[in-house]
Amino acid sequence: MADDRDGGEGARGMIYLDYQATTPLAPEARAAMLPFLDDKFGNPHSPHRLGREAAAAVEVARGQVASLLPGGGRVAFTSGATEALNWAIKGTRGPIVTVATEHAAVLDSVRAVGQAGREVRILPVDAEGLIDPEQARAAIAPGTGLVAVMLVNNEIGVIQPVEALAALAHRAGALFLCDAVQGYGRVPIPDGCDLVAISAHKVHGPKGIGALWVRDGVTLEPLLHGGGQEAPGRSGTLAPMLCAGFGAAAALIAARGEADAAHVERLWLIAARRLGPEWRINGSVERRWHGNLNVRRDGVDSARLISDLRELAFSAGSACASGSGRPSHVLKALGLSDAQARSSIRLGFGRYTSEEEIDRAATMILDAAARQRMWAA
């Protein structure tokens with residue numbers, strides 16, 4: 001059963017099933033943030049008492065966030081995962097290997113450095129959204145500088161073999177960057193990573209803050225120049241309010257991770273059973289995070305479905321590309337046609353989604369899809 005937080009049905013009476021885009025703010029995270037909007041307003045980089053108090057809160061949050069990451073590294077707070085990924089990619093050197101289904105923050109950053117002269121290799125995926133090990137082994141050759149691979153795909157929930165890929169990278173003398181935005185706190189992050197990008201608002205924390213975990217001994221060129229407030233070289237005044245919220249959200253997911261995972265499994269089973277075999281799952285069924293159900297049905301227009309179901313918040317893919325009008329690059333990489341990609345929807349659910357809401361949402365989707373097919377006949 002969902003938590004007592006009003007996070008499934010929000011203030012507008014909507015059932016919220018877009019957890020890959022963002023998650024409802026945890027009450028515990030909100031409570032941790034509030035003091036820094038009032039009397040604890042100090043700059044954490046100032047030497048006086050208010051500054052030291054703010055700095056202490058930042059360090060507590062840093063430890064909370066780090067508790068879900070590998071040991072032997074440091075968390076550098078950023079404005080979000082996009083900044084963290086840009087920093088990791090642009091702060092390294094040498095040829096880059098990445099994957100066709102990565103987030104735009106990776107693919108666009110890689111293209112940018114490629115235009116500046118770095119060699120870029122983009123690996124394809126199979127129909128299940130997974131990298132072929134032999135192709136990866138051939139592409140990650142000695143001399144490679146960076147391998148960048150997402151742990152849990154934001155559109156289809158597929159889990160890549162990050163540990164094995166990190167080992168390949170290290171054998172080639174390369175660093176390994178893991179986009180763990182969707183997996184942080186849900187899927188173990190392998191120790192072999194050298195750089196890990198995460199985001200608070202995907203784990204019931206506030207928007208506007210993320211982090212880059214940097215393994216000890218790894219050096220990066222700065223992305224932002226200035227005061228160098230964060231030890232690995234990130235400049236800019238930190239917001240203690242956002243850090244505290246991120247820390248509280250991380251502590252909460254660490255404490256109730258098993259309960260959250262069990263709840264998500266129940267929601268997945270309800271949704272998959274209710275939608276039925278007519279809705280085909282996009283990507284691997286076995287190797288995926290079950291808080292992401294990306295499915296398609298022939299003859300369904302996903303954009304129209306979203307428009308018709310005003311009381312249900314769900315999507316057809318990444319929020320970052322929702323206004324482009326183009327079929328999802330992730331679904332296209334699986335080999336889906338434009339029509340199949342446009343008949344796909346993504347349902348994202350988690351801690352604050354109730355079983356009753358998932359059941360009701362499935363009924364709404366089935367009814368709306370049946371109306372579409374009837375009108376098209």
Side-chain angles (χ1 to χ4, degrees), residues 29 32-33 35-37 40-93 103 105-106 109 112-113 145-146 148 175-181 184-185 189 191 193-203 205-251 253-254:
M33 294 165 65
F36 299 97
L37 289 172
K40 296 183 180 296
F41 59 85
N43 184 324
H45 313 295
S46 295
H48 48 67
R49 181 172 60 84
L50 277 176
R52 292 196 304 272
E53 288 177 350
V58 168
E59 293 311 310
V60 168
R62 195 187 308 278
Q64 291 170 319
V65 171
S67 71
L68 296 169
L69 291 163
R74 179 176 174 83
V75 168
F77 288 117
T78 64
S79 63
T82 293
E83 181 193 331
L85 291 165
N86 271 261
W87 182 16
I89 291 166
K90 296 172 183 177
T92 54
R93 295 289 178 266
H103 191 277
V106 168
S109 296
V113 298
L146 180 71
L175 295 175
F176 188 86
L177 164 63
C178 177
D179 173 353
V181 168
Y184 177 72
I189 299 172
D191 290 336
C193 299
D194 301 296
L195 300 157
V196 180
I198 56 176
S199 180
H201 76 102
K202 308 296 187 177
V203 291
K207 298 174 183 65
I209 184 168
L212 181 66
W213 178 86
V214 183
R215 180 174 294 286
D216 294 340
V218 173
T219 59
L220 298 172
E221 291 295 320
L223 180 67
L224 304 174
H225 294 84
Q229 286 89 340
E230 287 289 79
R234 194 264 185 182
S235 295
T237 301
L238 292 177
M241 173 189 70
L242 297 178
C243 294
F246 195 176
I253 204 169

**Student:** According to salt bridge (Lys or Arg N to Asp or Glu O under 4.0 Å), who are the partners of Arg215, at least two apart in sequence or on a separate chain?
**Tutor:** Asp194

**Student:** How about Arg74 and Trp213: do any of their side-chain heavy atoms sit closer than 4.5 Å?
**Tutor:**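 Counting from C-beta outward, Arg74 and Trp213 never come under 4.5 Å.
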
**Student:** How far apart are the closest heavy atoms of Thr237 and Pro44, and which atoms are they?
**Tutor:**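 The answer is CG2-CD, 4.4 Å.
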
**Student:** For Ala249 versus Val203, what's the shortest heavy-atom pair and its separation?
**Tutor:** CB-O, 3.4 Å

**Student:** CD/Glu53 to CZ/Phe41 distance, rounded to the nearest 0.5 angstrom?
**Tutor:** 10.5 Å

**Student:** Determine the minimum heavy-atom distance between Pro206 and Met33, stating which atoms define it.
**Tutor:** CB-CE, 3.7 Å

**Student:** Run the side-chain donor-acceptor check on residues 64-73: report pairs under 3.5 Å with partners two or more places apart or on a different chain.
**Tutor:**
| unit_1 | atom_1 | unit_2 | atom_2 | d |
| --- | --- | --- | --- | --- |
| Ser67 | OG | Gln64 | O | 2.7 |

**Student:** Could you tell me if the side chain of Leu223 sits less than 4.5 Å from the side chain of Arg234, heavy atoms only?
**Tutor:** no

**Student:** For the backbone of Gly51 and the side chain of Ser46, can you confirm whether one donor and one acceptor N or O come within less than 3.5 Å of each other?
**Tutor:**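 Answer holds: no.
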
**Student:** I'd like to know if Glu59 and Arg52 make a salt bridge, using a cut-off of under 4.0 Å between side-chain N and carboxylate O.
**Tutor:**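 Here Glu59 does not pair with Arg52 in a salt bridge, since their nearest N and O are not under 4.0 Å apart.
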
**Student:** Give the minimum heavy-atom separation between Lys90 and Val113, together with the two atoms involved.
**Tutor:**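 In this case the closest contact between Lys90 and Val113 is CG-CG1, 3.8 Å.
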
**Student:** Rounded to the nearest 0.5 Å, what's the gap from CG on Leu146 to CG on Leu177? Could you check?
**Tutor:** 5.5 Å

**Student:** Taking all non-hydrogen atoms of both residues into account, name the closest pair between Ala54 and Gly42 and its distance.
**Tutor:**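 It is CB-O, 3.4 Å.
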
**Student:** Between the side chain of His103 and the main-chain N/O of Val106, is any donor-acceptor distance below 3.5 Å?
**Tutor:**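 Checking the backbone N and O of Val106 against the side chain of His103, no donor-acceptor pair under 3.5 Å is found.
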
**Student:** Do Val196 and Ile198 come close enough that some side-chain heavy atom pair is under 4.5 Å?
**Tutor:** yes

**Student:** Check the pair Tyr184, Lys202 against side chain to side chain contact (heavy atoms under 4.5 Å, CB included), reporting the backbone distance first and the verdict last.
**Tutor:** CA-CA 9 Å; Tyr184 177 72; Lys202 308 296 187 177; over 6 Å; no

**Student:** Could you report the tightest heavy-atom contact between Ile89 and Ser109, atom names first, then the distance?
**Tutor:** CD1-CB, 3.8 Å

**Student:** Do Asp191 side-chain atoms and Cys193 backbone N/O form a donor-acceptor pair below 3.5 Å?
**Tutor:**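 The answer is no, because no donor-acceptor pair under 3.5 Å joins these two groups.
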
**Student:** Please tell me if the side chains of Leu195 and Cys178 come closer than 4.5 Å, counting only heavy atoms from C-beta onward.
**Tutor:** no

**Student:** Treating Glu83 as the side-chain partner and Thr78 as the backbone partner, does any N or O pair qualify as donor plus acceptor under 3.5 Å?
**Tutor:**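 Checked: no pair found.
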
**Student:** Can you check side chain to side chain contact (heavy atoms under 4.5 Å, CB included) on Met241 and Lys40, steps first, answer last?
**Tutor:** CA-CA 9 Å; Met241 173 189 70; Lys40 296 183 180 296; over 6 Å; no

**Student:** Which residue is it: Cys243, Ser199, Ser79? I am looking for the one with a side chain to side chain contact (heavy atoms under 4.5 Å, CB included) to Ile209.
**Tutor:** Cys243

